[in-house]
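Working notes, structure below.
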2 protein chains.
Amino acid sequence: MAAQPDLPLVRADEREWLAAYDPRAFAPVAVTVDIAALTMRHNRLHVLLVERAGPPYQGCLALPGGFVRAGEEDLGQAAARELAEETGVDPAALRRIHLEQLGSYGSPIRDPRMHVVSVAYLAFAPDLPDPRAGGDAASAAWTPVAGPRGGGSGDRSPLPVPGSIPGSIPGVLAFDHAVILADALDRARSKVEYTPLATAFLEPEFTIPELRAVYEEIWGEPLHAGNFHRKVLSVPGFVESTGRTTTRGGSKGGPRARLYRSGGATTLHPALLRPADRDDPSGRSLD
Amino acid sequence: MAAQPDLPLVRADEREWLAAYDPRAFAPVAVTVDIAALTMRHNRLHVLLVERAGPPYQGCLALPGGFVRAGEEDLGQAAARELAEETGVDPAALRRIHLEQLGSYGSPIRDPRMHVVSVAYLAFAPDLPDPRAGGDAASAAWTPVAGPRGGGSGDRSPLPVPGSIPGSIPGVLAFDHAVILADALDRARSKVEYTPLATAFLEPEFTIPELRAVYEEIWGEPLHAGNFHRKVLSVPGFVESTGRTTTRGGSKGGPRARLYRSGGATTLHPALLRPADRDDPSGRSLD
DNA sequence: GTAATAGTGTCTTTCAGACAGTATAGG
DNA sequence: CCTATACTGTCTGAAAGACACTATTAC
């Protein structure tokens with residue numbers, strides 16, 4: 001979504017009408033933002049989850065989020081605020097996080113309290129320190145996403161969350177957050193195809209094999225090391241060399257890898273297409 | 001966005017808490033849906049606009065839309081209802097329309113009445129009869145979108161609307177609808193690359209040249225007829241032959257074109273990539 | 001030394017785009 | 001007859017994937 005530089009001009013002949021307008025006359029629909037914040041820890045994809053301190057779904061795991069402050073902030077600001085509040089991420093770290101709108105979820109029965117429309121955001125973060133809880137979260141932690149590859153062992157037990165299985169049970173997550181998370185993973189998988197956002201999971205300086213590990217974890221399948229290397233270097237603006245190398249080789253030996261930083265491109269031309277499942281010629285499902 | 005099959009289970013120990021919950025305690029944020037409905041008339045892209053019958057922005061052109069009915073409908077249902085209501089499109093025609101969520105717009109000052117979050121939808125429709133106004137629209141009409149190619153003459157005067165110029169003036173459209181429309185056009189341009197949705201602008205049976213005209217209008221540039229033809233036929237599931245041909249050749253002569261219908265694919269593999277602007281190696285802007 | 005890995009060279013296949021050419025229609 | 005168009009054939013270059021190979025490091 002583009003920025004929203006909207007400054008509505010209120011015409012003089014509408015002033016009077018506006019003065020008499022009563023906002024509370026309208027049926028109450030609440031608006032929240034929820035954030036699916038993804039990061040990479042020990043080469044496994046993790047999502048930030050909080051434990052709900054109060055009802056509804058008290059004690060359940062949920063995506064961090066909360067109500068939009070009416071008249072005070074726009075949706076992106078609300079998402080950034082909630083992400084900071086509920087996790088204790090400091091503002092400096094917040095600047096390294098990519099935040100984009102994912103979509104809105106508005107079933108009238110998704111929240112037992114009332115009709116709540118949630119605007120979901122997707123965040124890509126580098127490996128951050130463990131969050132401290134805040135806001136109405138009893139606790140917050142990076143939780144491994146059991147991707148298509150399965151496995152994942154970490155800070156908290158892995159989720160039985162759908163890689164992207166449509167119609168899967170919301171399961172352990174509160175509200176419809178399992179659906180939101182599945183949509184977030186789908187978006188992440190396709191976003192890294194045509195943008196350099198995979199670098200957002202890494203430190204400012206990284207090696208091509210580290211970048212490849214990010215892609216392999218997000219897509220859940222191994223990539224050919226040699227072809228990946230050449231491909232990344234061939235896309236203009238994807239990465240740029242720092243001239244340096246790592247000080248050590250890999251844990252199991254091998255030469256030192258060269259260090260790169262993110263280049264200036266916002267989109268990848270040509271794109272880094274995910275290996276097609278040739279078993280599925282009908283095309284992947286959409287929307 | 002995926003479907004939202006969410007049936008939250010209210011736990012017994014939360015019943016009591018819920019009974020005491022007062023929805024009106026929360027600050028009022030209203031939720032609307034707005035629809036950017038696109039269609040193709042006389043080979044020009046048109047968008048459905050209404051003239052606002054009441055304040056704010058009375059008399060201005062706007063995207064059709066309205067408030068979500070709290071507790072009664074989800075966002076997609078609200079969008080379909082508003083589209084039908086404000087335009088008089090009958091339910092049968094509604095089924096031929098592709099409707100997908102575009103994004104949400106929630107600046108606190110985008111509506112002078114109060115903080116209104118609008119969930120925008122994008123619709124692809126075949127050439128439909130002229131709408132009759134309804135709801136709070138004084139009138140409704142298909143309005144030509146002055147694309148990157150400029151020109152366009154039709155039912156109403158063409159819009160000075162940005163092809164996708166970021167930061168352009170909202171201009172004649174109410175609220176931030178010029179921004180929404182620009183985002184809708186961007187989405188449409190990329191959506192036809194990797195889905196067969198361009199066929200949604202055509203009758204159930206169409207020719208390859210007709211399909212090409214759709215792409216040329218949406219992308220705003222001519223395509224190579226021969227290569228386009230071969231490409232479309234080579235993508236599995238994009239179109240399937242009916243075995244018939246048109247009964248007449250083109251208005252300026254030429255053989256009769258074969259008729260096809262939409263195939264079963266939901267995504268295009270390989271994709272029909274838009275000719276890259278090689279002048280812009282930095283990559284197109286994002287989000 | 002042994003094993004694993006970084007990075008490069010090369011071949012094959014696929015696909016996009018340029019261009020030519022043929023057949024079929026309207027005027 | 002002339003022109004515009006549908007559709008096909010062919011060539012070239014770009015790019016993806018498979019494989020082989022060298023060099024460098026940990027242990």
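Chain A is the first sequence line, chain B the second, and so forth, proteins listed ahead of strands; every chain is numbered from 1.
- Minimum atom distance to the side chain of A:Pro209 is reached by C:dG7, of the listed C:dG7, C:dC19, D:dT5.
- Within the 4.0 Å cut-off from OP1 or OP2 of C:dG7, at least one side-chain nitrogen or oxygen of A:His229 is found.
- Straight-line distance from the CZ atom of A:Arg248 to the P atom of C:dA4: 17 Å, rounded to whole Å.
- Atom NE2 of A:His269 and atom C1' of D:dA15 are 15 Å apart (whole Å).
- Annotation: side chain of A:Leu83 is in contact with side chain of A:Leu48 (closest heavy-atom distance under 4.5 Å).
- Remark: the B:Asp183 side chain and the B:Tyr105 side chain contain an N/O donor-acceptor pair separated by less than 3.5 Å.
- OP1 or OP2 of D:dC7 has not a single side-chain nitrogen or oxygen of B:Arg212 nearer than 4.0 Å.
- Between the P atom of C:dG7 and the CD1 atom of A:Ile208 lies a distance of 7 Å, rounded to the nearest Å.
- Counting non-hydrogen atoms under 4.0 angstrom, B:Ser251 reaches the backbone sugars and phosphates but no base.
- A:Arg230 places its CZ atom 13 Å from the C1' atom of D:dC21, with the value rounded to the nearest Å.
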Could you give me the CA-CA distance, side-chain angles and deciding distance for A:Glu217 and A:Arg41, then say whether salt bridge (Lys or Arg N to Asp or Glu O under 4.0 Å) is met? CA-CA 11 Å; A:Glu217 171 65 7; A:Arg41 301 196 124 188; over 6 Å; no
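- The CZ-C1' distance, from B:Arg244 to D:dA6, rounds to 18 Å in whole Å.
- The nearest whole Å value for the distance from the CD atom in B:Glu221 to the P atom in C:dG17 is 10 Å.
- Toward the 5′ end of DNA chain C lies the nearest nucleotide of B:Ser234, the other residue of the pair B:Gly226 and B:Ser234 mapping further downstream.
- Across the protein-nucleic acid pair, B:Leu223 atom CG and D:dT5 atom P stand 15 Å apart, rounded to whole Å.
- Between B:Phe124 and B:His98, the angle of the ring planes lies from 30° to 60°, which puts this pair in the tilted group.
- Between D:dA4 and B:Arg256, no contact under 4.0 Å exists linking OP1 or OP2 to a side-chain N or O.
- The nearest pair of heavy atoms linking A:Pro126 to A:Leu202 is CB-O, 3.8 Å.
- Taking the side chain of B:Leu233 as heavy atoms from C-beta on, and the options D:dT8, C:dG27, D:dC7, the nearest nucleotide is D:dT8.
- Whole-Å rounding puts the B:Lys252 NZ to C:dT24 C1' distance at 17 Å.
- Each of D:dG17, C:dC15, D:dC7 was ranked by its minimum atom distance to the side chain of A:Asn227; first place goes to D:dG17.
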